[in-house]
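What you see is a predicted model, and the numbers here were worked out from it, not measured in a lab. In listed order, ligands and their atoms are each counted from 1. No hydrogens, no waters, no symmetry mates; every other heavy atom, side chains included, goes into these values.
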Amino acid sequence: MTLAAKRASTLPDLPSPLEGCETAADWTCRRREEILRLFETLMFGKIPPRPESVRFEIRRRKENVFGGRGSRREVTLHLQNGRRQHSVDILWYLPNRNGKRIPAVVGLNFMGNAAATEETDLPPDSTEFKPGQQAHRWQIPMLLDAGISLITAPRNSFFHDDRDGRRTSIFRLFHRPQELTRTHREFTAISAWAWGCSLLLDLALTEPDIDPRQIWVHGHSRLGKTALWAAANDPRFAGAVSNDSGCCGAALTRDRHPASESLSFITKTFPWWFQSALDAYAAREEELPLDQHFLAALTAPRPLLIASAAEDVWADPFNEYRGAKAVGSVYRLFGARGIGSAPFPKPEAPIFGDRVGYYLRTGKHDVTATDWTFVLEFLRRNAPDSAGQKKNS
Ligand code: GTR
């Protein structure tokens, strides 16, 4: 017996997201909403409302990028609510049309737009990050070759990722500065980022070449937690890809790996990501009326891909796999098998289940070309016109 199998066989039962739910209608009409509210009150707070005005300005277009693979647009999002304004710079790549409507991936980046691409003619976002520094995380030529559009913007433009980020975040469109101090934990970075992903989706919807049924949200790590929360709140997302999202993302909190991130650590280190109510459960995880497969279940019945990296013990790959497996009970209500009883896989052996996927990649906490190979395959298999999807709809 492998170590993972040994661990799995001794684990106690998990709480069930289904509670009193026997049909898809029970889930959709009642239970889903209850779980969404639980995450709102206990973990991520409320998603901000829509401001009075949302306007996208295409500042610059460039054709034939990456050796003629597609085009690039630099866009500014202008937000206004009453007299308060906020703007965000967005980077948008589009593949050349191949006759069909195009799928799109939207997701926030860590280090700014210039760092997300190998192209060197973008205005630098900050002196802190170098142009192209995280281009490997997006693999833009690969996406363009696969006929997929990418829309990305910096996480810090929606909520600067630190203790005082709230004051300058998009929450300032709706609240006065004195309502956005360190103590106003109900306004969280993760909700601001998830809201940002929805705004990127709004931008995708302005392009008639993009298929509105195929706009995916993608995120890595804290932004992988965000991707799950964005898909939970915005039914327009075709599905979610959550990479190395770990604690408060896809990894189950109960029976975590002893070297993985705990609720105590995460709530103390990143209090601006979470509602203050979560603090009470630090070191009392088993008292939470939920576990993280409840969050993943909010993407159901849409396709969901959960990804781990083998050396990323902090994010607890085995518990991300357990989450991917446990979410199956909800997909089953919709006639999809999820990943069934597939065992914890070896690296580079993805489980492309029925609407749910899970894989383990060799290496560290990151997003690599290998990740994108699996992501693109998952997206292809779950495209609305593919045989697999038709079978289940
Ligand atoms: C870590 C944090 C994780 C994860 C990661 C990241 O420091 O403990 O929860 O989100 O950052 O976002 O890279």
Side-chain angles (χ1 to χ4, degrees), residues 39 42-45 107-112 115-116 126 128-129 133-138 152-163 165 169 185 188-194 196-197 217-232 240-254 256-276 278-279 281-283 285 288 290-293 295-296 305-324 360-361 363-368 371:
F39 277 97
L42 295 179
M43 206 170 271
F44 299 128
L108 302 186
N109 59 65
F110 277 77
M111 297 189 171
S126 80
E128 209 184 326
F129 305 119
Q133 194 175 340
Q134 286 195 328
H136 69 281
R137 287 202 171 167
W138 295 100
T152 185
R155 70 186 153 141
N156 285 338
S157 300
F158 292 96
F159 192 121
H160 199 274
D161 196 359
D162 66 38
R163 225 168 263 275
S169 73
R185 301 267 305 275
T188 73
I190 290 187
S191 276
W193 296 333
C197 292
V217 59
H218 176 282
H220 165 65
S221 205
R222 66 198 71 185
L223 300 174
K225 311 182 208 299
T226 300
L228 292 172
W229 188 228
V241 179
S242 187
N243 190 76
D244 303 354
S245 60
C247 183
C248 298
L252 297 181
T253 310
R254 282 170 179 73
R256 63 180 182 84
H257 189 288
S260 69
E261 185 168 24
S262 65
L263 271 190
S264 298
F265 180 94
I266 206 167
T267 51
K268 274 200 202 85
T269 317
F270 304 104
W272 61 96
W273 294 358
F274 304 107
Q275 270 283 19
S276 53
L278 192 63
D279 301 359
Y281 294 93
E285 280 85 349
L288 265 171
L290 49 83
D291 208 325
Q292 292 310 111
H293 58 309
L295 173 63
L305 179 61
I306 294 176
S308 309
E311 290 172 38
D312 190 9
V313 181
W314 188 241
D316 203 349
F318 181 64
N319 263 342
E320 292 178 321
Y321 154 77
R322 279 179 74 215
L360 183 66
R361 166 186 53 75
K364 296 195 170 49
H365 187 73
D366 205 351
V367 193
T368 69
D371 285 303

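- The proximity of His220 to ligand 1, defined as any non-hydrogen pair under 4.0 Å, does not occur for either the backbone or the side chain.
- When the options Ser221, Gly249, Ala251, Gly224 are ranked by their closest heavy atom to atom 13 (O) of ligand 1, first place goes to Ser221.
- A salt bridge between Asp316 and Arg256 is absent, with no side-chain N of the basic residue lying under 4.0 Å from a carboxylate O of the acidic one.
- The pair Asp279-Lys268 does not count as a salt bridge, with every side-chain nitrogen at least 4.0 angstrom from each carboxylate oxygen.
- Close approach of ligand 1 to Ile266 (heavy-atom distance below 4.0 Å) involves ligand atoms 9 (O).
- With respect to the salt-bridge test (charged N to carboxylate O, under 4.0 angstrom), the residues Arg254 and Glu285 do not qualify.
- Numbered from 1 in the order shown, with element, the atoms of ligand 1 that lie under 4.0 Å from a heavy atom of Trp273 read 9 (O), 10 (O).
- Residue Glu261 approaches ligand 1 through these ligand atoms, each under 4.0 Å from one of its heavy atoms: 2 (C), 3 (C), 8 (O), 9 (O).
- Among protein heavy atoms, the minimum distance from atom 11 (O) of ligand 1 is reached at Arg222 NH2, 2.9 Å.
- Considering only non-hydrogen protein atoms, atom 7 (O) of ligand 1 sits nearest to Phe270 CZ, 3.4 Å.
- With sequence neighbours excluded, no residue forms a ring pair (Phe, Tyr, Trp, His ring centres under 6.0 Å) with Phe39.
- The six-membered or imidazole ring of Phe44 lies near that of Trp229, with a centre-to-centre distance under 6.0 Å.
- Counting heavy atoms from C-beta outward, Leu288 and Leu263 have side chains that approach closer than 4.5 Å.
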